[in-house]
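Just so you know, ligand 1 is whichever comes first in the structure, and atom 1 is the first atom listed for that ligand.
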Amino acid sequence: MHEEIKDLIKYFIEDYKVINNTKTKWRETIIAFANAKDPIFLQLKQVVDKDHKLPHKLLKNANSIITFFIPFNDEVVLSNSNGINASKEWAMAYIETNKLITDLTSFLAISLKEKNYKCFEIPPTHNFDKSKLMSYWSHKHVAYIAGLGKFGLHKMLITEKGCCGRLGSLITSAKIEATNRSEEEYCLYFQDGSCTQCVDKCTFGALINDSFDRHKCYDICLKNGRLYSKLGLSDMCGKCACEVPCSLKNPCK
Ligand code: SF4
Ligand code: SF4
């Protein structure tokens with residue numbers, strides 16, 4: 001079933017770019033699958049956030065989670081490498097990719113429902129508690145469980161195509177074989193301590209060595225969101241992810 005789902009995603013995105021005349025350029029999506037009964041879901045709830053939902057709480061008979069990462073191309077990443085404010089291209093990429101993810105997950109849900117599988121769709125963003133700034137479903141952690149990547153010092157997921165892009169996931173009753181998690185690190189800091197470039201790039205004091213102030217980060221994201229409010233909902237920053245070794249690839253390979 002892996003190839004069938006991968007093809008559905010690939011051809012949907014190819015058509016989507018043409019039909020919607022999108023400005024953002026994406027590289028090829030990477031996809032991974034998690035077992036809904038993976039014990040790490042419980043650990044996520046116990047260790048990271050007690051309010052994080054288990055798959056079967058959102059979809060009775062949940063068996064699998066489809067996760068995917070849609071990477072931005074290098075032009076989008078370079079556009080946001082310097083300056084204090086997020087670039088307009090980065091804001092546009094954030095908005096367009098969120099819309100793409102919403103439409104893609106709906107399309108996948110319809111395709112799977114035609115085969116009598118049930119699905120639960122989760123929005124790509126803005127599904128979080130505004131005071132805790134934690135989501136009931138973390139696409140990032142679920143992608144980690146599926147083996148799509150590993151966490152970097154900047155708290156983002158680093159995939160084989162880097163960290164600059166957007167993640168999505170969909171819960172389904174379809175039984176899909178889970179993909180493997182790598183034992184290797186994807187972040188140079190965790191591998192051998194040779195990099196802290198993301199910390200240097202966060203001039204806002206939200207990311208300091210291994211501590212992350214999510215409220216400070218969110219304030220910066222909201223500021224950028226106000227700057228680009230005419231484009232749509234875009235509370236983002238991403239300076240710590242751009243023009244660093246893990247922006248576009250796994251730097252440990
Ligand atoms: S910039 Fe360096 S330290 Fe930061 S997440 Fe990427 S590889 Fe790790
Ligand atoms: S997104 Fe911006 S504010 Fe948040 S940690 Fe990265 S550089 Fe700092």
(request) Would you sort out whether Ile220 and Lys216 count as a side-chain contact (heavy atoms from CB on, under 4.5 Å), showing the intermediate values? (result) CA-CA 7 Å; Ile220 298 298; Lys216 251 186 201 170; 5.9 Å; no

(message) Please confirm whether the ring centroid of Phe151 lies under 6.0 Å from the ring centroid of His141.
(response) yes

(request) Please check if the side chain of Ser173 supplies one atom and the backbone of Lys118 the other of a donor-acceptor pair under 3.5 Å. (result) yes

(message) Taking 2.8 Å as the cut-off, does Cys195 contribute an N, O or S atom near atom 2 (Fe) of ligand 1, distance below it?
(response) yes

(request) Evaluate the ring planes of Phe72 and Trp90, with Trp represented by its six-membered ring, and classify them as parallel (under 30°), tilted (30 to 60°) or perpendicular (over 60°). (result) perpendicular

(message) Just to confirm my output: which protein heavy-atom neighbour is closest to atom 7 (S) of ligand 1, and how far is it?
(response) Leu188 N, 3.4 Å

(message) Give me the residue, atom name and distance of the protein heavy atom closest to atom 4 (Fe) of ligand 1.
(response) Cys198 SG, 2.3 Å

(message) Counting non-hydrogen protein atoms only, what is the nearest one to atom 8 (Fe) of ligand 1? Give residue, atom name and distance.
(response) Cys187 SG, 2.3 Å

(message) Starting from atom 2 (Fe) of ligand 2, what is the nearest protein heavy atom, named by residue and atom, and what distance separates them?
(response) Cys237 SG, 2.3 Å

(request) For Val244, counting its heavy atoms only, list the atoms of ligand 1 lying under 4.0 Å from any of them. (result) 1 (S)

(request) Establish whether Leu8 and Phe68 are linked, either directly or via other cluster members, by ILVMFWY side-chain heavy-atom contacts under 4.5 Å. (result) yes

(request) State the atoms of ligand 1, each with its element, that fall below the 4.0 Å cut-off from a heavy-atom position in Tyr189. (result) 3 (S)

(request) Considering heavy atoms of the protein only, find what lies nearest to atom 6 (Fe) of ligand 1 and give residue, atom and distance to 0.1 Å. (result) Cys246 SG, 2.4 Å

(message) Out of all atoms in ligand 1, which are within 4.0 Å of some heavy atom of His154? Include the element for each.
(response) 5 (S)

(message) When you group the ILVMFWY residues by side-chain heavy-atom contacts below 4.5 Å and let the links chain together, are Leu167 and Ile145 in the same group?
(response) yes

(request) Under 4.0 Å from a heavy atom of Phe212: give me the atoms of ligand 2 that qualify, with their elements. (result) 5 (S)

(request) Report the C-alpha separation of Lys37 and Asn63 in whole Å, then their side-chain angles, then the decisive distance to 0.1 Å, and conclude whether the side chain to side chain donor-acceptor pair (under 3.5 Å) test is met. (result) CA-CA 7 Å; Lys37 296 179 185 74; Asn63 277 312; 3.2 Å; yes

(message) Give the atom numbers and elements of ligand 2 that come within less than 4.0 Å of a heavy atom of Gly238.
(response) 1 (S)

(message) Does this structure show an ion pair linking Lys99 with Asp103, if we count only N-O contacts that are shorter than 4.0 Å?
(response) yes

(message) Any side-chain to backbone donor/acceptor pair from Asp235 onto Gly225? Under 3.5 Å, distance only.
(response) no

(request) Could you find the nearest protein heavy atom to atom 5 (S) of ligand 1 and give me its residue, atom name and distance? (result) Leu153 N, 3.4 Å

(message) Regarding Cys202, does it place an N, O or S atom less than 2.8 Å from atom 8 (Fe) of ligand 2?
(response) yes

(request) May I ask you to say whether Glu4 pairs ionically with Lys115, meaning some side-chain N is under 4.0 Å from a carboxylate O? (result) yes

(request) Examine all N, O or S atoms of Cys240, backbone included, and report whether one is under 2.8 Å from atom 2 (Fe) of ligand 2. (result) no

(message) Can you report which non-hydrogen protein atom sits closest to atom 3 (S) of ligand 2, along with the distance?
(response) Phe204 CD1, 3.6 Å

(message) Taking only non-hydrogen atoms of Tyr218, do any sit less than 4.0 angstrom from ligand 2?
(response) no

